[in-house]
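The basis for the numbers below is simple: all heavy atoms, side chains too, and nothing from hydrogens, waters or symmetry mates. Numbers restart at 1 for each chain; the letters A, B, ... are given by sequence-line order, proteins then strands.
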Amino acid sequence: MILASLTDASLRRRLAEGDLVVRAGPFGYRIKSTLPPIADGLRVLYADYPLADPASFADFSLVMEPGAGIHRWWRPQVRFSTDGFYPFEPLPQSHAYPQLEWAMNWCVSTRAHQYLMLHAAVVERNGFAAVLAAPPGSGKSTLCAGLVHRGWRLLSDEIALVSLDGASITPAVRPISLKNKSIEVIGAFVPGAVFSRTTHGTSKGSVTHMKIPVSALDRMGETAVPRWVIFPKYVADAPAELVQRPRGHSVLELGSNSFNYTLLGLTGFEALTALVGASDCYQFSYGRLDDAVALFDRLADAALTEAPP
Amino acid sequence: MARWQLNELAVLHWRQWQDEWVIFDESSGQTLIADALMAASLMALEEGALSLTELEAQVRDDLQWPASEMLAPRIVTGLEFLSGLGLVRAENP
């Protein structure tokens, strides 16, 4: 059963009762909320996601509830909790949907220590995965969104789930987070792209989430082999260019952008160095998405005939 | 003369790609990157405490560095960096 098969009323009832369990990659997310933006956002972005039985185990339980207290009368708020724990301050209720996505990321990044988790997008072509690691504002998600609508498979937009032997990456398959100018860029690049309602005035500026291709969901159980570690950077009007980057420095950069590298200790070091050892590492700059996609396609084609590092 | 030694709690794990060494200290959880000179110094100290003179001779031999080139100042710079991380220290006899 997929989410789209629920009527509006049954979706809202399941949400109100905490009976909606969405499967995305290896995780089940139990979501409870009576807030209309949560139901609306899920209906747009998760329509094709499989639902688990309401009575089944879910890895994460998320409650998005209206804020309590006197504030609620003139500035309605949303509060996220999980297992009775409230990790964040309440936000304006207009931020409810992006807050849910951030909360889902938070649940994974603080708990899924069966993986080495890197703050990175991952896309795959011809069985080979490219880890796109970069700080916010570098154009990582824009590049990721462009690639997955030009034949690359999405594994992850925010959190790369690396096996502890570093040999495979598990899809997390969640909507792609876009903000500010990249919303317009991807809207023009992907005719017919489906977005959640844009939320303005968040700590990240204007944000939206983009629905991912169904083909990525069909393969959510299929891992990919790491082949490239790429640090992208959008540079206005720059040609698409890959420059080889030393592996040692790539280890340090990825480690410092990991959610649990330090926590995993030696296991994290072994996973990360195995991942980097099996990958060609590049700095990548681009100014036009079309050029970027063409260069990535050439990389993927060459990998079919070249021996891995 | 002071003798340099590895912190006795350090447990080092090594990876090498070309002229880069990535070192993980299991005790502190620190990861660092080293060039050949710093890596050779640290490897030598893993075997036991050495004076700067002994360390220089050992590193020069390991890396087959020309005798004409001064190594000691560069080794000291590396040792001071490693000392700041708590990985090595100088002990006076």
Is it true that atom [atom1] of [X] has more than 12 heavy atoms of other residues, nucleotides or ligands lying nearer than 6.0 Å?
X: A:His249; atom1: NE2; value: no
X: B:Glu8; atom1: CD; value: yes
X: B:Glu69; atom1: CD; value: yes
X: B:Met70; atom1: CE; value: no

### Task
Against chain A, work out which of B:Val22, B:Asp19, B:Ile33, B:Asp25 has the most heavy-atom pairs shorter than 4.5 Å and name it.
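Looking at each option in turn, the highest pair count goes to B:Ile33.
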### Query
Which of parallel (below 30°), tilted (30 to 60°) and perpendicular (above 60°) describes A:Tyr261 and B:Phe24?
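Rings of A:Tyr261 and B:Phe24: perpendicular, over 60°.
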#### Entry: Separation of B:Trp17 CH2 from A:Ser250 OG (nearest 0.5 Å)
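Answer rounded to 0.5 Å: 8.5 Å.
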### Message
How long is the straight-line distance from OG1 of A:Thr267 back to CD of B:Glu26, given to the nearest 0.5 Å?
### Response
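B:Glu26 atom CD to A:Thr267 atom OG1 measures 8.5 Å (nearest 0.5 Å).
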### Message
Using heavy-atom distances under 4.5 Å, tell me whether A:Leu252 contacts chain B through its side chain, its backbone, both, or neither.
### Response
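Only the side chain of A:Leu252 comes within 4.5 Å of chain B.
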#### Entry: Minimal non-hydrogen separation, B:Glu20 against A:Pro246, with atom names
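For B:Glu20 versus A:Pro246, the nearest heavy atoms are OE2-CB, 3.1 Å.
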